[in-house]
Amino acid sequence: PAEIPALLAPFSDSAQAQLFRAQAWERLGDLAEACNACTHAVRLQPDRTDIWLHLASLCDKTGDPLGALVARTHASAIQAADAAPAPSGD
């Protein structure tokens with residue numbers, strides 16, 4: 001498990017790899033690195049609700065309630081946009 005963040009580091013342009021890095025760092029107990037990786041992931045793919053929610057969870061764990069609120073707000077906005085009906089084009 002300790003090797004996972006290093007193995008995924010070369011995939012800096014992949015949001016999924018960065019999310020996996022965040023999860024690995026979190027399991028290893030390095031929440032600062034987990035937050036960095038998750039923030040990088042959300043910059044790469046800002047439309048992914050799952051990444052925003054994971055970032056919110058990490059912010060909660062690191063004592064950053066404002067960061068958690070911002071991340072949850074982004075996730076909620078994405079979910080609302082996804083749930084909105086498509087324009088009819090009339």
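Just so it is clear, the model here is predicted, and its values are computed rather than measured. Note: hydrogens, waters and symmetry copies are ignored here, and every other heavy atom, side chains too, is used.
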Determine the minimum heavy-atom distance between [X] and [Y], stating which atoms define it.
| X | Y | value |
| --- | --- | --- |
| Gly63 | Pro65 | O-CD, 3.2 Å |
| Ala56 | Ala68 | O-CB, 3.5 Å |
| Ala37 | Ala22 | CB-N, 3.6 Å |
| Ala75 | Leu53 | CB-CD2, 3.6 Å |
| Gln18 | Ala41 | CB-CB, 3.6 Å |

* Asked: According to the side-chain hydrogen bond (donor to acceptor under 3.5 Å, both in side chains) rule, which pairs have a member within residues 59-77, sequence neighbours left out?
  -> Glu26-Lys61, Asp60-Arg72
Residues in side-chain contact (heavy atoms from CB on, under 4.5 Å) with [X], at least two apart?
| X | value |
| --- | --- |
| Gln45 | Ala15, Asp47, Arg48 |
| Ile78 | Thr49, Trp52, Asp82 |
| Asp30 | Trp25, Ala32, Glu33 |

* To do: Please go through Val70's hydrophobic cluster and name the other residues, only I, L, V, M, F, W, Y counting, with side-chain heavy atoms under 4.5 Å joining them.
  => Leu66
* ILVMFWY clustering at 4.5 Å (side-chain atoms), partners of Leu69 ->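 Via sub-4.5 Å side-chain contacts, Leu69 links to none.
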[atom1]/[X] to [atom2]/[Y] distance, rounded to the nearest 0.5 angstrom?
| X | Y | atom1 | atom2 | value |
| --- | --- | --- | --- | --- |
| Asp50 | Leu55 | CG | CG | 11.5 Å |
| Cys35 | His54 | SG | NE2 | 8.5 Å |
| Cys38 | Leu31 | SG | CG | 11.5 Å |

* Only pairs at least two apart or in different chains count here, so list each salt bridge (Lys or Arg N to Asp or Glu O under 4.0 Å) that has a residue in residues 13-24. => none
